[in-house]
Number of protein chains: 2
Amino acid sequence: MFSQTVEYALRAMAYLADQAKVPQPNPLIAQATKVPSAYLAKVLRQLVQGGLLNGQRGPNGGFIIARDPGSITLWDVLEAVEPMRRIKTCPLDLASHLTNLCPLHRKIDDALALLEKTFKEATLGELLNQKGKPHPLCDFINPPRIKLGVKPSRRTKI
Amino acid sequence: MFSQTVEYALRAMAYLADQAKVPQPNPLIAQATKVPSAYLAKVLRQLVQGGLLNGQRGPNGGFIIARDPGSITLWDVLEAVEPMRRIKTCPLDLASHLTNLCPLHRKIDDALALLEKTFKEATLGELLNQKGKPHPLCDFINPPRIKLGVKPSRRTKI
DNA sequence: CAGAATTAGGACAAAAAGGTCTTGATATCT
DNA sequence: AGATATCAAGACCTTTTTGTCCTAATTCTG
């Protein structure tokens, strides 16, 4: 129903909302969210371009959330990576339905509207620290920023 | 958000709900719903296998709705072609979330649950003949069953 | 400034979804 | 029975999505 990309984007945003202020480099996010790092890189770039994250290069760089998590909705995240296409005009281009969707497409679009509303009402901030609930995505809070296992380059000649 | 296949399946079911009793051959459904006929064939087969349609071969054959449209929900159609995958266990396989989804995935699954409910409450029957609304999919009711334009075979040698 | 860490961008590969075509089975009609 | 209309099944192609990899640009540290 939701694409992988959306799922990954939401995971990354939830993680970064939790780590506010300290830039998190891609491999660390990838580990915490269990998303393939190389693909995550693409998703993160979309989130930067959507204005939800800032990318900071160089040592001690990484990604940092661009605004207060309380002001970012799940809808904002969705829009940044894969905008929902609401049904505005008849998908069959029938003349008589131009201004007035047929009951089927009205029903479908109503469902989309409901989804849109649900996600617009949920902020990243709300997901954090809900008592009685597990912490988002991660078994422990603020994992130490340490080097991950040094993966041997496959280019080991000389 | 919804796949093409789901959209096509819903169009076909809405059309056939409207034509109850008279078998409609694939090309006619394809024309009325503006779905590529060869692909529609696949979708129709899934709907037959899902028990929502009956296929009847031979002259004057076609597809016919298997049950009363009032008893078929949009959810049934969705399930037949592309079952929604609810989130039942932690997608990250975190031990501490096994029985208790984290707030992010709880939120996502709640949205899926809402969708599920919406579609379970809507039947094909309800879509038909809503007054003041355009007829589903088609500019006129019960189009005559006529031969479509004979498309010249591309195998015209000899 | 040299070196290392990190994002930015894009080429490329693999997998899934969407779409086409051909062949075979079955039903109807004369 | 023969001719024809139709679905059933599946091989095959195309496009989109997902995933990998390499190179360039930038920034930090000593």
Side-chain angles (χ1 to χ4, degrees), chain A residues 1-9 11-12 16 22-31 33-50 52-66 81-83 85 91 145-148 150-155, chain B residues 1-9 11-12 16 22-31 33-50 52-66 81-83 85 91 145-148 150-155:
Chain A
M1 187 60 48
F2 297 103
S3 70
Q4 276 299 94
T5 302
V6 165
E7 163 78 21
Y8 293 167
R11 283 190 207 175
L16 289 168
V22 184
Q24 304 286 315
N26 174 326
L28 199 58
I29 308 174
Q31 189 202 42
T33 58
K34 299 200 181 171
V35 174
S37 160
Y39 189 62
L40 179 62
K42 284 190 168 174
V43 179
L44 290 169
R45 250 184 293 146
Q46 293 185 76
L47 293 168
V48 168
Q49 291 183 328
L52 301 183
L53 296 180
N54 292 127
Q56 170 67 32
R57 303 198 233 198
N60 296 311
F63 294 90
I64 204 168
I65 201 157
V81 297
E82 194 182 281
R85 298 179 306 278
R145 178 170 174 146
I146 49 172
K147 264 190 208 333
L148 304 179
V150 181
K151 64 170 174 222
S153 167
R154 62 226 155 290
R155 184 177 310 288
Chain B
M1 189 59 50
F2 297 104
S3 68
Q4 277 299 95
T5 302
V6 165
E7 163 78 21
Y8 292 166
R11 283 190 208 174
L16 288 168
V22 184
Q24 304 286 315
N26 175 326
L28 199 57
I29 308 174
Q31 188 201 42
T33 58
K34 299 199 179 173
V35 174
S37 158
Y39 190 62
L40 179 63
K42 282 188 170 175
V43 179
L44 290 170
R45 250 184 293 147
Q46 293 185 75
L47 293 169
V48 169
Q49 291 183 329
L52 301 183
L53 295 181
N54 292 129
Q56 170 68 29
R57 302 197 233 198
N60 295 312
F63 295 90
I64 205 169
I65 201 156
V81 297
E82 194 182 282
R85 298 179 307 279
R145 179 171 174 146
I146 49 171
K147 265 192 207 329
L148 304 179
V150 181
K151 66 172 173 225
S153 168
R154 64 225 151 291
R155 186 177 307 290

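Everything numeric in this text was worked out from a predicted model, so none of it was measured. Throughout, a chain's letter reflects where its sequence line sits, starting with A, and its residues are numbered from 1.
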Report task. Give a yes/no on whether any side-chain N or O of B:T5 is located under 4.0 angstrom from OP1 or OP2 of C:dG18. Result -> yes
Query - B:Q4 CD - C:dA16 C1' separation (whole Å) - result: 15 Å
Report task. Quick one: closest heavy-atom pair of B:R11 and B:T33, and the distance? Result -> NH1-O, 2.8 Å
Query - A:N54 CG to C:dT6 P, straight-line distance once rounded to whole Å - result: 17 Å
Report task. Can you figure out which of C:dG10, D:dC7, C:dG19 approaches the side chain of A:K42 most closely? Result -> C:dG10
Query raised in the report: Is the shortest side-chain N/O distance from B:S37 to OP1 or OP2 of C:dT20 below 4.0 Å?
Result: no
Query raised in the report: To the nearest Å, how far apart are A:L47 CG and C:dA8 P?
Result: 11 Å
Query - Heavy-atom pair with the smallest gap, counting every atom of B:G55 and B:F63 - result: CA-CD2, 3.9 Å
Report task. Locate the shortest heavy-atom distance separating A:L16 from A:L44; write the atom from each residue and the value. Result -> CD1-CD2, 4.5 Å
Query raised in the report: Tell me: NZ of A:K34 to P of D:dT18, nearest whole Å?
Result: 20 Å
Report task. Please state how far atom CD1 in A:I64 lies from atom C1' in C:dT7, giving the value in whole angstrom units. Result -> 14 Å
Report task. Can you see which heavy atom on A:A12 is nearest to which on A:L40, and at what distance? Result -> CB-CD1, 4.1 Å
Query raised in the report: Between A:N26 (CG) and D:dT26 (P), how many Å, whole number?
Result: 19 Å
Query raised in the report: Do B:Q56 and B:I64 come close enough that some side-chain heavy atom pair is under 4.5 Å?
Result: no
Query raised in the report: Whole-Å distance between C:dA5 P and A:F63 CZ?
Result: 17 Å
Query raised in the report: Below 4.0 angstrom from OP1 or OP2 of D:dG19, is there any side-chain N or O of A:Y8?
Result: yes
Requested in this report: For B:Y39 and B:T5, work out which heavy atoms get closest and say how close.
Outcome: OH-OG1, 2.7 Å
Show me the protein contacts with nucleotides 27-30 of chain D, counting only N or O atoms at under 3.5 Å.
{"unit_1": "D:dT27", "atom_1": "O3'", "unit_2": "A:Q56", "atom_2": "NE2", "d": "3.3"}
{"unit_1": "D:dC28", "atom_1": "OP1", "unit_2": "A:Q56", "atom_2": "NE2", "d": "3.4"}

Query raised in the report: When you measure from the side chain of B:P27, which nucleotide among C:dT7, D:dG19, D:dC7 comes out closest?
Result: D:dC7
Query raised in the report: Quick one: A:L53 CG to C:dT6 P, roughly how many Å, whole number?
Result: 17 Å
Requested in this report: Verify the distance criterion only: is there a donor paired with an acceptor across the side chains of A:S3 and A:E82 at less than 3.5 Å?
Outcome: yes
Query raised in the report: Does the side chain of B:Q49 get closer than 4.0 angstrom to OP1 or OP2 of D:dA9 through an N or O atom?
Result: yes
Report summary line: Contacts of A:E82 and B:R45 projected onto DNA chain D by closest heavy atom; the upstream (5') one is B:R45
Query - Position toward the 5' end of DNA chain D (nearest nucleotide), A:L40 or B:L44 - result: B:L44
